[in-house]
Amino acid sequence: MAAGVLSGVRQVLRGPRLVSAVLSCHGQTFSSAAAPDTGETVRDKILNFPITQPDYFHLSELFTIKDLFEARVHLGHKKGCRHRLMEPYLFGSRLDVDIIDLEQTAEHLQQALNFTAHVAYRGGIILFVSRRRQFGHLIETTARECGEYAHTRYWKGGLLTNAPIQYSPGVRLPDLVIFFSTLNNVFQQHVGIRDAAKMNIPTVGIVDSNCNPSLIPYPVPGNDDTPVAMEMYCRLFKMTINRAKDKRRQMELLRGISASV
Amino acid sequence: MVPQLPLRQIYVASSLWKKNLAAAGPQKFTQEFIDKQVEEFEVGKRHLANMMGEDPETFTQEDIDRSIAYLFPSGLFEKRARPVMKHPEEIFPKQTAIQWDAEGRPFHFLFYTGKQSYYSLLHDVYEKILYMRLIQLMELLLSMPYCSLEEEFILKFRKQLEVQSSKYEIPALQYDPQGVAFSVADGRRKSAKASITLRDSGSGNITINGRNYLHYFPVLQNREQLMFPLLFVGMMGRFDIEGSVEGSGHSAQAGALRLAISRALLSFVSEGEVEKMRQAGLLTADPRIRERKKPGQEGARKKFTWKKR
């Protein structure tokens, strides 16, 4: 039941060829046999209708490229720190400093926010991860205000891959992991990216010019070092999640269903 | 038609198919199981009360223990091996409550870190530390040149602290039957306590514990300590000093007397002079006391002889 949240989302947003891989790891089917037919179709409509629209939550009005520029999102690291796989996302470099292409960033950010909104709409668990001590408190506060979860501390080995032992048997894993910085304190890739990929949990990550975007399904090329930029990202994600949850409550009140999926 | 491949038996290590008993941890019981056990216990308690001919309503745990010892007498020495009938809460180990709601969403926002209570405490402490950072930044602002321009802004966050020594009340000037003004004050130094009566229109006699100060303090340094406050305000021959002192050694007693004299002088002296005395350190009590001896050392600081081997 809980794990079937994402299967519907993924089918539409990721393409049909991934359907079989997705459905095989979540072994539960989507519909239950006992509920009456009218209740089932209404709930299905609530869940499936937003996926058919390109921008159901009107997230494009949350930010403009000018806002990203003023928040210094376009500033990358120096040329020597550049990661090879980030080269497509870079606009160029000026005085040895890499500049990230804000048009691509805007597109990726739009897709990432849209995905987050759909996950939050369907009642998924979202985990904010970052290993930057400078912004840990800010991210934890953002997570608490959204009603979601945060992990800005030392990442223990089997948190996702060995979950029944690390927590209790029957724990529910996050349905989306958002990395505010994909590197850990030793400038290596955060273990959580690899673990989430292993457990088939989709990831949104803010990749700077020294990060590796390969294992992340929804990378957002952008600056992860400036406080202004981080505050902007936190604000955007908080607004998206709150908007999606409010919309869900609104839809349920309209259709008069109390139980959610 | 797919050709049939010959069947081969695949052998795997026994560790793969054996259940790892150690990794599972202590045996976990579901809440329903425990509820059923509690029900059975209550029913059994009533049966036991009926069997013993007692009232089921007022059947306490001691009565249960007594009945079981009567019905199942056991000669075993190990008390824990004897038959026991207790409430399931005491028998089954305490289960940690389920940390998430019906949909599987955990209650605490830091659940996925593993140590939610510890990290939530750190999260709360961080907000306090932000306050200390604010104080640091304000002090940095004050250390800059031209900080007087922002004085108004800074004063909004500052509260006037009273100077500690200004809290000391000046002793009241009293008059004895002859009309002579006198004041009384106390002073302390190390463990010496002194009390001084300063009489006006005297000739500079100093009496301590009933003896002349020349006899009580043969050492010049101590007599100088007594004279210093009067010398500082320039009223050397004006007062008669009568003092009593006890405790500690001669130097400490002299220091205590000096503090007492300075305090008694406050009532005879103007405001400006009081400030000057404060600046001179006459009114500050000396906080130095004997340092304690530490174990593993000869004294407070002296160590035992150091042997290389």
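Quantities reported herein were computed from a predicted structural model and do not represent experimental measurements. For the numbers below, each heavy atom of this structure counts, side chains included, while hydrogens, waters and symmetry mates do not.
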Study note, to complete from the structure: From the list Q250(A), R255(A), R248(A), R249(A), side-chain hydrogen bond (donor to acceptor under 3.5 Å, both in side chains) with E252(A) holds only for R248(A)
**Study point:** Residues R66(B), D63(B): salt bridge by 4.0 Å N-O rule
**Key:** yes
Exercise for review: Check whether I125(A) gets within reach of chain B through its side chain, its backbone, both or neither, counting any heavy atom under 4.5 Å.
Suggested key: both
Review point. Contact part of E140(A) toward chain B, heavy-atom cut-off under 4.5 Å: side chain, backbone, both or neither?
Key: both
Practice item. Check each atom of E127(B) against the heavy atoms of chain A and say whether the ones under 4.5 Å are side chain, backbone, both or neither. Key: both
Exercise for review: Identify which of W100(B), Y126(B), F109(B) forms the greatest number of heavy-atom pairs closer than 4.5 Å to chain A.
Suggested key: F109(B)
Practice item. Could you check which of V129(A), T152(A), L160(A), V171(A) has the highest count of heavy-atom pairs closer than 4.5 Å to chain B? Key: V171(A)
Exercise for review: Can you label the angle between the Y112(B) ring and the Y167(A) ring as parallel, tilted or perpendicular, going by 30° and 60°?
Suggested key: perpendicular
Check your understanding: Tell me, side chain or backbone of I98(B) under 4.5 Å from chain A's heavy atoms, or both, or neither?
Key -> neither
Check your understanding: With a distance cut-off below 6.0 Å to the six-membered ring centre and an angular limit of 45° from the axis, does K247(A) pair with Y56(A) as a cation-pi contact?
Key -> yes
Check your understanding: Hey, what's the ring geometry for Y218(A) with F115(A), parallel, tilted or perpendicular (30° and 60° as the breaks)?
Key -> parallel
